[in-house]
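Structure, as structure tokens:
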2 protein chains.
Amino acid sequence: MKRSGEAGDKSVTATVKDVARLARVSVSTVSRVINNTVPVEPETRERVLSAIRDMDFRPNLLARGLRSKSGNLIGLLVPDILNESFALMSKYAEEYAERAGFALIIGNTNNDPDKEERFIRDLVRRHVDGIVFSRVSDKSRILQIIEESKIPFVIIDRSLEQEDVPTVVMDNYGAGVTAAEHLLSLGHRRFACITGPMNIAIVRERFLGFRETVGLRGGSLPDSRVYEGNFKYEAGARAVEHLARDQFTALWAHNDLMALGALNELQRQGKRVPEDVSLVGLDNISIAKMVVPPLTTIGQPFREMCESAVDIILRIRRGEKIPQLRVTLSPELFVRGTSGPAPTSAT
Amino acid sequence: MKRSGEAGDKSVTATVKDVARLARVSVSTVSRVINNTVPVEPETRERVLSAIRDMDFRPNLLARGLRSKSGNLIGLLVPDILNESFALMSKYAEEYAERAGFALIIGNTNNDPDKEERFIRDLVRRHVDGIVFSRVSDKSRILQIIEESKIPFVIIDRSLEQEDVPTVVMDNYGAGVTAAEHLLSLGHRRFACITGPMNIAIVRERFLGFRETVGLRGGSLPDSRVYEGNFKYEAGARAVEHLARDQFTALWAHNDLMALGALNELQRQGKRVPEDVSLVGLDNISIAKMVVPPLTTIGQPFREMCESAVDIILRIRRGEKIPQLRVTLSPELFVRGTSGPAPTSAT
DNA sequence: ATGAAAGCGCTAACAA
DNA sequence: TTGTTAGCGCTTTCAT
């Protein structure tokens, strides 16, 4: 049995053809009504719309995609969906994509360059309208695949050495400045820092902003008080063990997980936070405000970053010129319980 | 300029037609080689494969989907991607889907029934091969849409009143039994419980398993020591405030977030954990092992659940009969630092 | 074992 | 303003 074409036949998905028949117009007119491309006689238009309603017609996105090269789908690649920051990115990106009439297909690359490549290839085969990705690997091959595909793309949260690629990032240098200024304003002079992996560009930027600001304002941050971590909780604890013999009153960790690990180890050592040591994190993850004392931290502007990323994709797609290839957004400081005045005894 | 068809022309995506021309066969033969449908002369096959390699040909999934009703895509709907448990589900589901040759499109419904419906409708329009979803709303409309679409689906993690729907869940009753038995074996007799919202079926099951086991083995759990929470951190703290005047030595929270809130409030009240009160959670989220003392908890078998869910989708798709409509998997107990022997003074 | 041709459901020339 | 028609790139009869 083929489709019957009768009104009210909702059990089988209706097609433009069915709608056309019911509305007594051609399929192209149906298409015109759906897509608002060229004007249609109001009366005809009404007939079509009513037929669409009657049959509960919804255009097959595969057919549309095949024909018009747009399936209203945007791909998002994140390195680790278990990381709350990336889950947040997924959430916001999806919200903005939906608002613009696009669905979002999320790929969790699991920090695996091969998987990242497989994902990109899959997205290309699905002819997505754009790809937003937080890049993990530096294999230029991936960038090449995506550039060849002519699919609009934008890199989010991690910046590339290359400058000619659309990118949306937090002002990482600024985050370092913010952390330093907050602690300096509380009277601290002896600083320590737990960084992320130094081979990541944004990590170096964060550190630079922090160290330069500390230096400029008379604080001290010798190399012995800098610990290179890996963004994991355990690294924070290890860092504090490592820094234990050194005297410092202010500590900035490059993410909240390491800050939490550091907090835990500081307390285990009998140090009071913030009375003996002030601590600042970065990310503003949800547990940050649950620990005791609640963590002072810097929040990334993920909402704005995602909005901007989706917006850039849509602009490129429409053939618009992008005013600035690199969008930099400001971090936000959340002052809570782990930062306080520098101990007066410390000189 | 149309596609050139020359070997090595990778800048424009090659099509079956290009491959056919290069291999000097018809497009149908190319299709046969790709899909291994009917046997192809080894020599011809080699020619085709080599052409595919040369042109870096990858079938357009929209075209394939349009024609064969399968775009190798499975949809996953979760109520909140920020919830680590659902992020974990996304991760595992994606892994198993990829292993089976499918991509996963993740939808974050944000606990919004309307959004859930929009998502389902979108997935239907994309003709996905299956839908896995952790259901939020009880609007039967959604189930109706998805059933009408004839797309294979399975409900994961949340069970429905309806029995005739493919479902994969943890044994929630068993989780309650496990929690109770662990605490009973440590000598506890005076129990308390922080539950999730009682209108959720799995919450009632958890509670039932806990209460029945406690009752059967001579423990006490009066209604005054049962607090209905909402799965959030703050609810755990509130619960403990509420239960404060009551004497209990063992507390089970229906998720880790509430357990952590409870732990925090217990410590604030000066109660020692586990010396005065033993505490058990559920979920085994990553921070569970980071707090002090590390949280004893029950882990959901998400990995197996996702594997099973994807497997069920694929079976239905192949037209196989599902042996059991409802798959129930066992939880796992992780004994850590928040549970210990009942205080001897407590009678 | 292989090829020719039809067609999935849609959009976009091109005509009228 | 509307209809006719030709594909998008693939799979799948139906012949051979």
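Proteins come first, then strands; the chains are lettered A, B, ... in the order of their sequence lines, and each starts at number 1. From a predicted model like this one, the values you see are computed outputs, not experimental measurements.
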Rounding to an integer number of Å, can you tell me how far A:N72 CG sits from C:dT11 C1'?
13 Å
Inter-residue atom distance B:L123.CG - B:I131.CD1, 0.5 Å rounding:
4.5 Å
Which letter, B, S or -, goes with each nucleotide of nucleotides 10-16 of chain D from 5' to 3', with contact meaning a protein heavy atom under 4.0 Å?
BBBB---
Whole-Å distance separating the CZ atom of B:R126 from the P atom of C:dC10:
14 Å
Look at A:E117 together with A:R121 and state whether they make a salt bridge at an N to O cut-off of under 4.0 Å.
yes
A:H127 atom NE2 is separated from C:dT11 atom P, nearest whole Å, by 17 Å
Measure CG/A:L66 against C1'/D:dG9 and give the value in whole Å, please.
6 Å
Are a donor atom and an acceptor atom from the side chains of A:R45 and A:N36 found within less than 3.5 Å of each other?
yes
Atom CD of B:E43 to atom P of C:dA1: distance rounded to whole Å?
14 Å
Would a distance-only check, ignoring hydrogens and angles, find a side-chain to backbone donor-acceptor pair under 3.5 Å from B:R326 to B:T167?
no
Rounded off to whole Å, could you give me the CZ-to-C1' distance for the A:R125 and D:dC8 pair?
17 Å
Atom NZ of B:K69 to atom C1' of C:dG7: distance rounded to whole Å?
10 Å
Taking only Lys NZ, Arg NE, NH1 and NH2, and the carboxylate oxygens of Asp or Glu, determine whether B:R315 and B:D311 approach each other closer than 4.0 Å.
yes
Would you compute the distance between atom CZ of B:F86 and atom CG of B:L76 and round it to the nearest 0.5 angstrom?
9.5 Å
